[in-house]
Amino acid sequence: MSHVVDAQAAAALDPDLLRLATNGLKKLAADPSCRSAFVDNPLMAVLLAPAADRYVVAADQEGLFERLPVLEAKGYRTGVEFVGEEARDADEVEAVVDEYVELIERHQSAGLAASVQLGFDLSNVGSLISPQTAADNTAALLTAAAPQGMGILISMERSALVDDILTVFKSLAEEHENVALTLQAHLHRTEQDLATVLPLGRKIRLVKGVYDESADVALPRGPELDDRYARLLERILDHGNPVAVASHDASLLQLLDSRGLLERVEEMEMLHGCRPPLLKAHKDRGIPCRVATVYGRNWWLHFLHRLAEYPPTALTALADLYEPERVRFGAAY
């Protein structure tokens, strides 16, 4: 019997309790003292690792390239992100960029049948130093990745950083066909942002949005957001841009399916460890599916955000802590 909490079971719980639990987990994820303690004290990572292993595929590139072929053999496209926090000084940024350079170099001899899609936050490659630093670093990685057919997906971040992200993306999209962008459906501004993003013709990954934003900036989770997501997706499809539906929400996917939208997308994407049977069901019906993997050691923010998406999965995490052998890579895919 599977003990992984079905996210839709959350609907049977008190909505206010779920909202507070989500906000509590996001608060822990963003708390500077918690994030510093995780980096500075290895005990936290050791204690939580059995639960995080459900979502983080490997600690390093060696482990990553051992596991990607397992997913590929099961019929999935793969994506890779080096997990980490916002990089605020030049040494941190250089280390992240060097990691991706090595990843691109190793990819060439990895023996994968299909090219991996890379992804990262611009704040990890220099945008907090200056947008131009992030643009220069991303351009260099795009140039290195292109001969191998590798795309690079720019992730979206908290709303205060969106203007800089869009400025960098637009400058890169003019010269690099292998750049793609994430857009957040919950932000009110996204409907207007599409007007300038769509004509560039690049791939878009559409997400609901994970960051805790005020009501004047974003919609909360619920039917109104689902309807907006569907309208944005249809608009992207009608324009002809390649698009990835990135969601773990079965109710949203059912809505998109009922409107005939899923059959038109380039792919569906889910983060590794998040509802594998749901992704498998869509793959088995012929929809191209991508597993977005993360690797590395600084996974506090990533792990807490996975729990915050559906707080009942904290029960799964507790069970994984007690019985680590429950987590078997690739088994549910």
Side-chain angles (χ1 to χ4, degrees), residues 77 79 114-115 117-122 131 135 138-139 142 145-146 149-157 159 161-211 213 217-219 223-249 251-271 279 282-283 285-290 292:
R77 303 173 180 181
S115 297
Q117 175 181 269
L118 302 181
F120 49 73
D121 293 344
L122 289 183
T138 305
L142 285 162
M150 302 174 74
I152 293 182
L153 178 71
I154 296 173
S155 298
M156 194 49 75
E157 305 182 56
S159 60
L161 301 177
V162 172
D163 281 336
D164 284 345
I165 293 170
L166 291 178
T167 297
V168 171
F169 169 74
K170 291 170 186 176
S171 70
L172 294 170
E174 294 175 359
E175 299 184 11
H176 300 276
E177 294 184 0
N178 58 329
V179 68
L181 179 69
T182 304
L183 289 176
Q184 301 176 95
H186 75 156
L187 294 181
H188 300 320
R189 61 172 295 166
T190 298
E191 297 199 54
Q192 287 70 46
D193 289 337
L194 270 181
T196 58
V197 170
L198 287 176
L200 298 170
R202 302 301 178 226
K203 177 181 176 182
I204 295 171
R205 175 176 66 176
L206 188 61
V207 302
K208 280 190 175 183
V210 71
Y211 294 95
E213 304 281 2
V217 171
L219 286 175
E224 187 177 0
L225 176 55
D226 290 353
D227 183 67
R228 176 190 285 178
Y229 188 110
R231 286 187 286 103
L232 291 171
L233 177 61
E234 186 168 20
R235 184 175 165 192
I236 297 167
L237 289 167
D238 288 347
H239 193 272
N241 293 61
V243 60
V245 166
S247 177
H248 312 129
D249 185 343
S251 296
L252 172 62
L253 296 177
Q254 187 175 17
L255 173 66
L256 301 179
D257 211 12
S258 70
R259 298 187 184 184
L261 299 176
L262 284 187
E263 294 181 356
R264 298 173 59 192
V265 303
E266 178 175 284
E267 63 186 17
M268 283 180 53
E269 178 186 302
M270 294 187 188
L271 287 161
L279 189 64
H282 287 84
K283 175 182 70 73
R285 57 179 275 197
I287 297 174
C289 290
R290 186 181 301 274

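Keep in mind that the numbers below use all heavy atoms, side chains included, and drop hydrogens, waters and symmetry copies.
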- Backbone N or O of Ser159 within a donor-acceptor pair of the Glu213 side chain at under 3.5 Å? yes
- Message: Going by the rule salt bridge (Lys or Arg N to Asp or Glu O under 4.0 Å), which residues pair with Glu267 if we only count those two or more places apart in sequence or in a different chain?
- Response: Arg77, Lys203, Arg290
- Note on the structure: When every non-hydrogen atom of Lys283 is compared with those of Cys289, the smallest separation belongs to N-SG, 3.6 Å
- Checking Gln184 side chain against Glu157 main chain: does a donor-acceptor pair fall under 3.5 Å? yes
- Task: For the residue pair Leu255 and Tyr229, establish whether any side-chain heavy-atom pair is separated by less than 4.5 Å.
- Result: no
- Of the non-hydrogen atoms in Tyr211 and Met156, which two are nearest, and what is the gap between them? CE1-O, 3.7 Å
- Item | Trace of the salt bridge (Lys or Arg N to Asp or Glu O under 4.0 Å) decision for Arg259 with Glu234 | CA-CA 9 Å; Arg259 298 187 184 184; Glu234 186 168 20; 5.6 Å; no
- Looking at CG of Asp121 and CG of Leu161, how far apart are the two atoms once the value is rounded to the nearest 0.5 Å? 9.0 Å
- Can you measure from CG (Asn178) to CE (Met150) and round to the nearest 0.5 angstrom? 9.5 Å
- Message: With a 4.5 Å cut-off on side-chain heavy atoms, are Leu271 and His248 touching?
- Response: yes
- Message: Nearest 0.5 angstrom please: Leu122 CG to Leu172 CG, how far?
- Response: 8.0 Å
- Val245 and His282, any side-chain heavy atoms less than 4.5 Å apart: no
- Message: Just so I know, are the side chains of Ile204 and Leu198 near enough to count as touching, which here means a heavy-atom distance under 4.5 Å?
- Response: yes
- Query: Any side-chain heavy atom of Leu256 within less than 4.5 Å of one from Met268?
  - Reply: no
- Query: What's the spacing between Gln192 CD and Leu187 CG if we round to 0.5 Å?
  - Reply: 11.0 Å
- Note on the structure: Residues passing the ring pair (Phe, Tyr, Trp, His ring centres under 6.0 Å) test with Phe120, sequence neighbours excluded, are Tyr100
- What pair of heavy atoms forms the shortest contact from Ala173 to Arg202, and how long is it? O-NH2, 2.8 Å
- Query: How long is the gap from CG on Leu181 to CD1 on Ile165, to the nearest 0.5 Å?
  - Reply: 8.0 Å
- Query: Do you know the tightest heavy-atom contact between Ala135 and Ser171?
  - Reply: CB-OG, 4.5 Å
- Query: Got a donor-acceptor contact below 3.5 angstrom from the Asp257 side chain to the Leu262 backbone?
  - Reply: no
- Query: Less than 4.0 Å between a side-chain N and a carboxylate O, is that true for Asp193 and Lys170?
  - Reply: no
- Verdict with supporting geometry, Arg205 and Glu266, side-chain contact (heavy atoms from CB on, under 4.5 Å): CA-CA 10 Å; Arg205 175 176 66 176; Glu266 178 175 284; over 6 Å; no
- Could you tell me which non-hydrogen atom of Glu191 sits nearest to which non-hydrogen atom of Arg235, and how far apart they are? O-NH1, 2.8 Å
- Query: Got Pro131 and Thr167 here, is their nearest side-chain heavy-atom distance under 4.5 Å?
  - Reply: no
- Query: Are Leu183 and Leu232 side-chain neighbours, meaning at least one heavy-atom pair lies under 4.5 Å?
  - Reply: no
- Looking only at heavy atoms, which two atoms of Ala292 and Glu269 are closest? And how far apart? CB-OE2, 3.6 Å
- Message: Quick check: do Asp226 and Lys208 have side-chain heavy atoms less than 4.5 Å from each other?
- Response: yes
